[in-house]
Amino acid sequence: MAANGVNKRHKDYDRFSRKWKRVRDVVAGQDEIHAGGAAYLPMLVDEPDDEYRKRVARTPFYNATWRTMAAFVGMMFRKPPTLEVPTQLEKLLEDVTMSGVSFDNFAQDITLEDVEISRVGVLVDHPQRARNEDGTIPVITVADAEANGFRPSMVMYKAESILNWDYNFINNRYVLTQVRLHEIHKERKSEFEYEEYGVIRVLDLAWGKYRQRLFKEENEEQIGGDIFPLMDGEPLTEIPFYFIGPDGSEHDLTEPVLIDLVDLNIKHYQVSADYEHGCHMTALPTPVVSGAAQKFDAQQNPIEEKLYIGSTSAWMLPQGAEANFLEFTGQGLGALEKNLERKEAQMAAIGARMLTPEKSGVEAAETVAMRHAGENSILAAIAVAVSQGLTKALIMFAKWSGLKDASEATVKYEINRDFMPFPITPQALTSLLSAVQAGKMSHEAFFDLLKRGDLYESDLDFETEQARIDSDPTIPAPVPGVDDGGEGEDENEPKPGQPPKKEPAK
């Protein structure tokens, strides 16, 4: 059965897909940019194809975008994310895709994708078992289910693969009612050959029940029948697909957060091409001979004379002839150099902080934090969006694993938002310790500051460290009133050099 229009894309898809391609090509680096040809470096007027190819090959691509993106993701995963799940789920998360990818690596892939394109989707899926003749589902053990792959999994869909989507109100809730996903399937033709073909996977709500269908991209013919995935023998009432954007788990398309940097990176490449072309044309002096008579052979054909440059070569010129070098002078290339520097500074201002050196001299920690406040705000929004989206996916994953009561109270994933180390100087450490000793700061608050300064491992909690201190015989017991946070000296304690006070008679 054909489904006319199943290939139709969302009205905003084509407009944004052009931007996605620009970002993909720039992040991929020099080979993709060179392969893009005139899309990224226009040809000169009447420039021959072979000369254009040489000009492209001479032009390096300075990939500021990739460096920025890698730095962003590195800052987000500078400290391990917080993952809280029931114990029964831990083993399944070691291979969350059923292809050998752990949940930790899956989460990093999702984050990288969200930083790069600002759009990604996660599908939680579960293979369905064949029914008995009476329509019931056979009961199998947990071990058999895992051995046969009857367990939930997660699949990442990049922005380009999410072709269309629709939301509607159901029971006064605005919910996802359909999403169409593009996939590439393989079919074996021989021992060594495969045929690849495009497939559209349609996820929708039919009569309030979650349904999956597959269609061939080429002719829109349906492959197989309708599938209604079940959980505990009952169909789902929601589509377990989760959009993740740069500032929330919303389906609306937004500009890639790196698009301004990408476009400036392309402009930098074009100026680099002009600069490299100018260097190529002017770098080597050109010898010029004037006043030398042209020689001809017996048939009056001009004789081409070869003049070699070098200390072992001599030119015999007629009287009055001159030989000079034609050299480039002027500020043309200097202007291009300044243009490149200006664009690199602009890229640094947009987000590529690592492209320019830090300010010289001592700079206060508050000043550094203010300079990076905008950058941190973008990262914080992405960290929150990815954390929320993956938490929703994990809750569905847990429910499909048999944990019916899974919720945000028992399942949590949160990416670190402490992107930069909190600098603690020896002077600051002494002041903080004095505040603790004077009872002006709690031991737990002091511990949290030490963790932010990377003086403790990020996954260590206060109770564990306090237990370590209490059980370590090499650590002296606190002196009352001095380093236990007390209000002052105990009046019953004898002062140095005084005998102990006698207890009053009872």
Side-chain angles (χ1 to χ4, degrees), residues 6-29 31-32 35-36 63 65-66 68-70 72-73 76-77 96-125 153-166 176 178-186 196-203 212 214-215 217 239-259 261-262 381-383 385-390 392-393 397 415:
V6 72
N7 286 332
K8 186 177 180 181
R9 299 172 178 175
H10 191 275
K11 61 181 179 63
D12 296 328
Y13 181 94
D14 290 338
R15 178 166 60 93
F16 278 87
S17 64
R18 291 191 292 270
K19 299 180 181 182
W20 298 337
K21 176 170 173 51
R22 271 206 321 275
V23 176
R24 297 285 190 201
D25 288 348
V26 168
V27 170
D31 288 349
E32 286 298 323
N63 201 339
T65 303
W66 164 249
T68 302
M69 189 175 75
F72 280 177
V73 176
M76 295 171 74
F77 286 89
V96 75
T97 63
M98 293 183 65
S99 62
V101 179
S102 69
F103 179 76
D104 288 339
N105 290 336
F106 183 79
Q108 291 189 38
D109 291 341
I110 291 291
T111 305
L112 191 67
E113 191 67 21
D114 199 25
V115 172
E116 181 175 353
I117 297 296
S118 301
R119 181 173 176 80
V120 64
V122 178
L123 172 64
V124 181
D125 203 8
S153 63
M154 295 186 186
V155 184
M156 178 178 74
Y157 285 87
K158 296 185 177 183
E160 295 90 339
S161 298
I162 308 173
L163 302 182
N164 212 327
W165 55 95
D166 193 19
L176 179 66
Q178 186 185 99
V179 59
R180 302 178 214 163
L181 307 169
H182 183 267
E183 301 174 356
I184 299 295
H185 284 204
K186 288 183 178 181
E196 293 186 348
Y197 58 94
V199 168
I200 308 298
R201 184 181 297 273
V202 179
L203 317 177
Q212 279 199 28
L214 286 179
F215 296 87
E217 180 182 20
I239 300 175
F241 186 87
Y242 307 96
F243 289 98
I244 300 177
D247 54 3
S249 302
E250 299 297 331
H251 61 283
D252 294 330
L253 291 174
T254 58
E255 294 283 329
V257 296
L258 297 178
I259 191 64
L261 177 59
V262 165
I382 294 175
V386 174
S387 300
Q388 291 176 346
L390 288 179
K392 292 178 182 178
F397 187 91
I415 294 176

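Bear in mind that the values here come from a model prediction, so they are computed numbers and not experimental data. No hydrogens, no waters, no symmetry mates; every other heavy atom, side chains included, goes into these values.
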Problem set entry | Close side-chain approach of His185 to Leu214, heavy-atom, < 4.5 Å |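 Yes. Closest side-chain heavy atoms under 4.5 Å.
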For this session: Report yes if some heavy atom in the side chain of Phe106 is under 4.5 Å from a heavy atom in the side chain of Leu390; otherwise report no.
Result: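 Yes; the side chains approach each other to less than 4.5 Å.
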Taking every non-hydrogen atom, the tightest pair across [X] and [Y]:
X      : Y      : answer
Leu203 : Ile239 : O-CD1, 3.8 Å
Ile162 : Gly121 : CD1-N, 3.9 Å
Met69  : Leu112 : CE-CD1, 4.0 Å
Thr111 : Met76  : CG2-CE, 3.6 Å
Ser118 : Pro256 : OG-CA, 3.3 Å
Pro246 : Val257 : CB-CG1, 3.7 Å

Problem set entry | Exceeds 12 heavy-atom contacts within 6.0 angstrom, atom NZ of Lys19 | yes
For this session: Assess whether atom CG of Asp12 is packed by more than 12 heavy atoms of other residues, nucleotides or ligands within 6.0 Å.
Result: yes
Exercise. For residues Gln212 and Asp125, is any side-chain donor paired with an opposing acceptor at under 3.5 Å?
Worked result: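 Present: a donor and an acceptor within the cut-off.
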Is a side-chain donor or acceptor of [X] paired with a backbone partner of [Y] at a separation under 3.5 angstrom?
X      : Y      : result
Thr65  : Val26  : no
Asn7   : Glu217 : yes
Ser161 : Tyr157 : no

When rounded to the nearest 0.5 angstrom, what distance separates [atom1] in [X] from [atom2] in [Y]?
X      : Y      : atom1 : atom2 : result
Glu183 : Arg201 : CD    : CZ    : 4.0 Å
Ser387 : Ile244 : OG    : CD1   : 9.0 Å
Met156 : Ile110 : CE    : CD1   : 5.0 Å
Tyr197 : Lys186 : OH    : NZ    : 12.0 Å
Arg180 : Asp166 : CZ    : CG    : 8.5 Å
Asp104 : Phe77  : CG    : CZ    : 8.5 Å

Seminar exercise, completed: When Ile200, Val202, Leu181 are each screened for side chain to side chain contact (heavy atoms under 4.5 Å, CB included) with Leu163, the one that passes is Ile200
Problem set entry | Plane angle bin for Phe241 and Phe243 - parallel if under 30°, tilted between 30 and 60°, otherwise perpendicular | perpendicular
Exercise. So, Trp165 versus Tyr13, ring centres under 6.0 angstrom or not?
Worked result: no
Exercise. When you look at Lys21 and Asp25, which way does the salt bridge (charged side-chain N to carboxylate O under 4.0 Å, His left out) test go after all the steps?
Worked result: CA-CA 6 Å; Lys21 176 170 173 51; Asp25 288 348; 3.1 Å; yes
For this session: Before giving the answer on side-chain contact (heavy atoms from CB on, under 4.5 Å), spell out for Thr97 and Ser153 the whole-Å C-alpha distance, their side-chain angles and the decisive distance to 0.1 Å.
Result: CA-CA 5 Å; Thr97 63; Ser153 63; 5.8 Å; no
Exercise. So Val122 and Val155, side-chain contact (heavy atoms from CB on, under 4.5 Å) or not? Walk me through it.
Worked result: CA-CA 6 Å; Val122 178; Val155 184; over 6 Å; no
For this session: Determine, stepwise, if the pair Ile259 / Arg22 fulfils side-chain contact (heavy atoms from CB on, under 4.5 Å).
Result: CA-CA 8 Å; Ile259 191 64; Arg22 271 206 321 275; 3.5 Å; yes
Problem set entry | Sidechain N-carboxylate O distance under 4.0 Å for Asp114, Arg119 | no
Exercise. What do the steps show when you test Arg24 against Glu113 for salt bridge (charged side-chain N to carboxylate O under 4.0 Å, His left out), and what is the final call?
Worked result: CA-CA 10 Å; Arg24 297 285 190 201; Glu113 191 67 21; 2.3 Å; yes
Exercise. Run the side-chain contact (heavy atoms from CB on, under 4.5 Å) check on Trp20 and Glu116 step by step: do they pass?
Worked result: CA-CA 9 Å; Trp20 298 337; Glu116 181 175 353; over 6 Å; no
